[in-house]
Amino acid sequence: MGRAFVYVILGGGVAAGYAALEFTRRGVPPGELCIISEEPVAPYERPALSKGFLLPESPARLPSFHTCVGANEERLTPKWYKEHGIELVLGTRVKSVDVRRKKLLTATGETISYKILLIATGARALKLEEFGLNGSEAENVCYLRDLADANGLVNAMQSCAGGNAVVIGGGYIGMECAASLAINKINVTMVFPEVHCMARLFTPKIASYYEEYYQSKGVKFIKGTVLSSFEFDSNGKVTAVNLRDGSRLPADLVVVGIGIRPNTSLFEGQLTLDKGGIKVNGKLQTSIDSVYAVGDVAAFPVKLFGETRRLEHVDSARKSAKHAVAAIMEPEKSGEFDYLPFFYSRVFGLSWQFYGDNVGEAVHFGDFSGSTFGAYWISKGHLIGSFLEGGTKEEYEALATATRLKPLVEDLIELEQQGLNFALTVSKKPQPAPPIEVSRSTSGLVILEKPAYAWHATVGVVLAASIAGLAYWYGRRRRRW
Ligand code: FAD
């Protein structure tokens, strides 16, 4: 025996919340949609966990950051789901899925069947044990992926006031946690194997700005080495961290942020996988027609770069969810997902945004001794990526628009001199009017046609501007998240 729904969302994170909102906007009748989530709470804005949630004063707490407040949309509390007839099956892990028979089996033994499945299982934090180390079970070793982890980190921080924390990993989880720990007056040392922080995105020049800023807040960096072992007391708490370079750091708290792995295991052997995730087409549809995948777990075609990518960022989770629901509910009206990769971070009083791709040659601009600076990435003569710290709404919008347009860059020195003005100018420039094509219909009438790419370009630019607008709003209004 079990329940049956028309639509089932598997996973209850960011993408699930935005998908639910879109389902209701498109008129899903009560009783047809169900969300199954391992987490005991309704979907929430996960980025809040490393920002406002960790603040020492007036920290963000649910229900204030349920989705979809992060994009200035409705806040979906459990009451909202009830009012809309959406079944929330919380605290329930799905342990197997049969995509041919369209059935899920939960850890509580219930079978739930569906007509359409939307996979939004996100990702999990990589554990030290996966690198041959142990210690993850110690109460003062923290990871940060979900609300339970965030509560654990807050408790651990509170019991080590004025003590020493070691942050393992120099990516955005490590950077945001290190900033929050320092704000909580804990002595922080960051340890990572790369030559600088945020190595997957930052250039050495950008990284050195942030590292110096962190150092001014008391954070120390040990680079080019990794954790080799922990020392424990008789209660199993970590007391020190040993590094491969021979150094030993006393520790009251350890935060581990060494990457994530998409939650694909339920679908291995059933769906086509790619880039570590579940491969989908431009409609976010997997290799089985009745199954869609969105958010961190989905590897989708990024039209702008002509490549399949899997992104691990909140904006992509929100927008892919929205697009998938449109494709499910109104397949004939929805086009291909056309996404400009975008992500951001906020630490201390700093705030940056990135658009596009960071391959090719980096050209820096702005005042690296001040508060506004950035970089463009140029590949095959075109601007394909841009980064800006401390921008205004207009500047971020211009950056997004310019990046989507992929303008030709002839002179890198001139680009460096123009700096932000380049994006501001390109984004304001009227796009060349598309040539009018003349074709003859079967009836012999002459038809004047605008080529479709003009529409695509216009829609793309409008989308890019609105992404930047929302991002800026999110940054300013929801600073604590
Ligand atoms: P998730 O939000 O991870 O949701 C997945 C859900 O699926 C979870 O509820 C999980 O419990 C559930 N699930 C998985 N497997 C099962 C199963 N078998 N049965 C039932 N339920 C299951 N991005 C940015 O761009 N900027 C930021 O500043 C930023 N900050 C972040 C800070 C933190 C602390 C974290 C963890 C992430 C941050 N991100 C940020 C990334 C962003 O939050 C993710 O990209 C986004 O959450 C992905 O959404 P999702 O719905 O795909 O997955």
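All ligand and atom numbering here is 1-based and tracks the order in the structure. Numbering starts at 1 and runs along the sequence shown.
Taking a cut-off of under 4.0 Å to the non-hydrogen atoms of L266, the atoms of ligand 1 that pass are 18 (N). Interface atoms of ligand 1 facing E312, defined by a heavy-atom separation under 4.0 Å, are 41 (C), 45 (O). Near G12, meaning under 4.0 Å from any of its heavy atoms, are these atoms of ligand 1: 6 (C), 7 (O), 9 (O), 12 (C). Of all atoms in ligand 1, numbered sequentially from 1 with element shown, those under 4.0 Å from a heavy atom of G122 are 3 (O), 5 (C), 52 (O), 53 (O). Under a 4.0 Å criterion applied to the non-hydrogen atoms of E176, ligand 1 contributes the atoms 28 (O). The F343 neighbourhood of ligand 1 comprises atoms 25 (O), with distances under 4.0 Å to a heavy atom of that residue. Here is the list of ligand 1 atoms found below 4.0 Å of a heavy atom in G295: 52 (O). Under a 4.0 Å criterion applied to the non-hydrogen atoms of L144, ligand 1 contributes the atoms 34 (C), 36 (C).
Residues Y344 and S351 have side chains that never bring a donor and an acceptor to within less than 3.5 angstrom of each other. Looking at H323 and S334, their side chains never bring a donor and an acceptor atom within 3.5 Å of each other.
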Sequence neighbours left out, cut at 3.5 Å: what donor-acceptor pairs do the side chains of residues 175-186 make with other protein atoms?
from	atom 1	to	atom 2	distance (Å)
E176	OE1	S50	OG	2.5
E176	OE1	K51	NZ	2.8
E176	OE2	K51	NZ	3.3
E176	OE2	S345	OG	2.5
S180	OG	S50	O	3.2
S180	OG	E176	O	3.2
N184	ND2	L54	O	2.9
N184	ND2	S180	O	2.7

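The shortest separation from a heavy atom of V297 to ligand 1 is not under 4.0 Å, leaving the residue out of contact.
For ligand 1, the polar-atom distance check against E39 finds a nitrogen or oxygen pair separated by under 3.5 Å. An N or O contact shorter than 3.5 Å links E38 to ligand 1 by distance.
With a 4.0 Å heavy-atom cut-off, ligand 1 is reached by the side chain of N263 but not by its N, CA, C or O. Heavy atoms of Y172 found under 4.0 angstrom from ligand 1 belong exclusively to the side chain. Contact annotation for T92 and ligand 1: only backbone heavy atoms (N, CA, C, O) come within less than 4.0 Å of the ligand. When non-hydrogen atoms are compared, ligand 1 lies under 4.0 Å from the side chain of A317 (C-beta onward) but not from its backbone.
Every residue meeting the salt bridge (charged side-chain N to carboxylate O under 4.0 Å, His left out) condition with E211, not counting sequence neighbours, appears here in chain and number order: K223.
Aromatic pair F23/Y7: centroids less than 6.0 angstrom apart. Aromatic rings of F365 and Y376 (six-membered ring for Trp) have centroids within the 6.0 Å cut-off, being under it. Here the two rings, on F373 and F368, have centers that are under 6.0 Å apart.
Among T121, L153, I36, the residue whose heavy atom sits closest to atom 15 (N) of ligand 1 is T121. Looking at K51, E45, K95, R346, it is K51 that brings a heavy atom closest to atom 28 (O) of ligand 1. Closest to atom 44 (C) of ligand 1 by heavy atom, among L104, T106, D296, I35, is D296.
No donor-acceptor pair closer than 3.5 Å links the side chain of E212 to the backbone N or O of Y209. The closest donor-acceptor contact from the side chain of T106 to the backbone of V94 lies at 3.5 Å or more, if one exists at all.
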Exercise. Going through the checks in order, is the side-chain contact (heavy atoms from CB on, under 4.5 Å) test met by V347 and Y214?
Worked result: CA-CA 9 Å; V347 284; Y214 271 60; 3.1 Å; yes
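At least one side-chain heavy atom of S316 sits under 4.5 Å from a side-chain heavy atom of Y339.
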